[in-house]
Amino acid sequence: MAASARFRLPPLPTIREIIKLFRLQAAKQLSQNFLLDLRLTDKIVRKAGDLTGAHVYEVGPGPGGITRSILNANIAELLVVEKDTRFIPGLQMLCDAAPGKLRIVHGDVLTFKIEKAFPESVKRLWEDDPPKVHIIGNLPFSVSTPLIIKWLENIALKNGPFAYGRSQMTLTFQKEVAERLVATTGSKQRSRLSIMAQYLCTVKHLFTIPGQAFVPKPEVDVGVVHFTPLIQPKIQQPFKMVEKVVKNAFQFRRKYCYRGLGMLFPEAQRLESTGRLLQLADIDPTLRPTQLSVLHFKSLCDIYRMMCDEDPQLFAYNFREELRQKKRKTVEKEEEEEEESY
Ligand code: SAM
């Protein structure tokens, strides 16, 4: 029997014509920047990996440039989630042109439950090769950064899009954010995001799209980043704990790392506990946060976990709260003294 023919979309109006036809002027306040060049959208989809037979989740399809490239990639099905109703009729046109391939959801990617959307049969064990589930999206930068943090936590918990296994993601970010995501130990761009992404995923900055490729043109260039969740995270402590250690370490980026890490501990025990943390983790206190490797963070998180087990109140400690209380006490004391002097 002959193999089934590869699906191609029939000739359609261009994305520019769709924008005109449905009056889809980009809403500046929503940071909508569209990709009209289908060679570029094809490149994003090609670089996402082999999508043959895949279930694809596209976030923020807008006028549908990337959507078209995905539909032409021999996929099993595509589910798109778009927040702005104005785009739905244009997407409906693609749906009619690709019968049975495209499902459109008017919704918010930050709350949409993708874990129920694809058939159970696509699920793979975490230790297996990644499932045929891909996430692709060119979202506003204000959404893509909180979303990747949320999805990194989903990876740690193996839920959300990762209930299917190690689903791969190809997403766009402001170029500087893309550089932070892949920044290596000691580099200028090394930041919280580098550690959080790299302890859970293999992260690749695939290529950069110059700002002028978008309509309207954003102020910045755009990086396309690919994530494959690791079978074994490089740090095996709860996500929130890793997040806390990493956040504190980078609190004072330019100072020695002991300064930021010290903020994990109440002031009264700060010096002693920070010394103990760094000594047991075998880390030079005069390294800068940017010089700490993921392995350093693994040691820090393991020792911090041990210290939290010894002192069950430690994890809830927040140095900003201690500062606030201290300030409040000083004000109250001053008020009392004023009253007494009457
Ligand atoms: N993907 C299209 C492209 O490349 O031309 C559009 C890109 S535009 C930067 C971002 C799209 O994401 C817009 O269509 C916008 O309405 C949509 N969007 C923004 N926030 C969203 C959210 N929270 N959930 C779903 N879609 C969202």
Side-chain angles (χ1 to χ4, degrees), residues 9 12-48 51 56-73 75 78-95 102-114 117 134-151 154 160-161 169-175 177-178 206-225:
L9 281 167
L12 290 165
T14 64
I15 299 288
R16 201 177 284 280
E17 284 162 349
I18 292 283
I19 290 174
K20 259 204 188 140
L21 191 65
F22 294 103
R23 297 169 192 270
L24 303 177
Q25 273 71 21
K28 262 234 146 139
Q29 71 277 19
L30 295 180
S31 307
Q32 291 176 340
N33 309 99
F34 306 138
L35 277 172
L36 309 192
D37 181 348
L38 293 183
R39 281 167 311 181
L40 260 177
T41 58
D42 280 349
K43 183 171 176 186
I44 295 176
V45 171
R46 206 171 49 244
K47 293 275 190 173
L51 299 189
V56 184
Y57 175 32
E58 190 196 355
V59 289
I66 300 176
T67 318
R68 291 184 186 204
S69 298
I70 298 171
L71 287 170
N72 279 332
I75 54 154
L78 168 60
L79 176 92
V80 297
V81 175
E82 172 56 60
K83 196 176 176 181
D84 187 339
T85 40
R86 294 179 309 143
F87 295 111
I88 306 296
L91 292 167
Q92 193 56 51
M93 205 171 108
L94 286 181
C95 195
L102 177 60
R103 259 194 290 165
I104 305 164
V105 173
H106 173 222
D108 189 327
V109 296
L110 291 165
T111 50
F112 182 70
K113 297 222 173 317
I114 185 69
H134 287 253
I135 302 171
I136 301 182
N138 170 34
L139 279 167
F141 304 135
S142 57
V143 181
S144 54
T145 305
L147 191 63
I148 192 64
I149 300 284
K150 178 178 144 83
W151 279 343
N154 287 149
M169 304 185 273
T170 308
L171 302 167
T172 59
F173 297 89
Q174 185 176 334
K175 185 171 162 249
V177 176
L206 297 175
F207 62 101
T208 301
I209 308 177
Q212 63 259 28
F214 294 84
V215 178
K217 173 182 173 307
E219 296 295 308
V220 291
D221 292 340
V222 171
V224 183
V225 183

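In each ligand, atom 1 is the first atom listed, and ligand 1 is the first ligand listed.
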Worksheet item: For ligand 1, which atoms, with element, lie under 4.0 Å from some heavy atom of N33?
Response: 7 (C), 8 (S), 9 (C)
Discussion item. So, taking the atom named OG1 in T67 and the one named CD1 in I70, what distance separates them when rounded to the nearest 0.5 Å?
Written reply: 6.0 Å
Discussion item. Counting only heavy atoms from other residues, nucleotides and ligands, does the tally under 6.0 Å from CZ of R103 exceed 12?
Written reply: yes
Worksheet item: Which atoms of ligand 1 are found less than 4.0 Å from any heavy atom of V81?
Response: 25 (C), 26 (N)
Discussion item. Less than 4.0 Å is my threshold; does some heavy atom of G137 fall inside it relative to ligand 1?
Written reply: no
Practice prompt. Please identify which atoms of ligand 1 are closer than 4.0 Å to at least one heavy atom of D84.
Written response: 16 (O)
Item to complete: Return the minimal non-hydrogen interatomic distance between I15 and P63, and the atom names on each side.
Response: CD1-O, 3.6 Å
Response to the item:
Heavy-atom nearest pair, R86 first then R23, reads NH1-O, 3.8 Å
Discussion item. Please work out, at 4.0 Å between heavy atoms, whether the side chain, the backbone, both, or neither of D108 comes within that distance of ligand 1.
Written reply: both
Discussion item. Parallel, tilted or perpendicular, judged at 30° and 60°: which one describes the rings of F34 and F87?
Written reply: perpendicular
Worksheet item: F34 heavy atoms, cut-off 4.0 Å: which ligand 1 atoms fall inside?
Response: 5 (O), 6 (C)
Worksheet item: Do the side chains of P161 and M169 get nearer than 4.5 Å, heavy atoms only?
Response: no
Worksheet item: In ligand 1, which numbered atoms sit nearer than 4.0 Å to a non-hydrogen atom of G107?
Response: 24 (N), 25 (C)
Item to complete: Going by heavy-atom distance to atom 12 (O) of ligand 1, choose the closest among G60, P61, P146.
Response: G60
Worksheet item: Nearest heavy-atom pair of L91 and P61: which atoms, and what distance?
Response: CD1-CG, 3.7 Å
Worksheet item: Relative to the heavy atoms of V143, which atoms of ligand 1 are at a distance of less than 4.0 Å?
Response: 20 (N)
Item to complete: Taking atom NZ of K20 as the centre, report whether more than 12 heavy atoms of other residues, nucleotides or ligands fall under 6.0 Å from it.
Response: no
Worksheet entry | Residue part near ligand 1, for F87, under 4.0 Å between non-hydrogen atoms | side chain
Discussion item. Out of all atoms in ligand 1, which are within 4.0 Å of some heavy atom of I66? Include the element for each.
Written reply: 4 (O)
Worksheet item: Applying a strict 4.0 Å limit to heavy atoms, is P140 in contact with ligand 1?
Response: yes
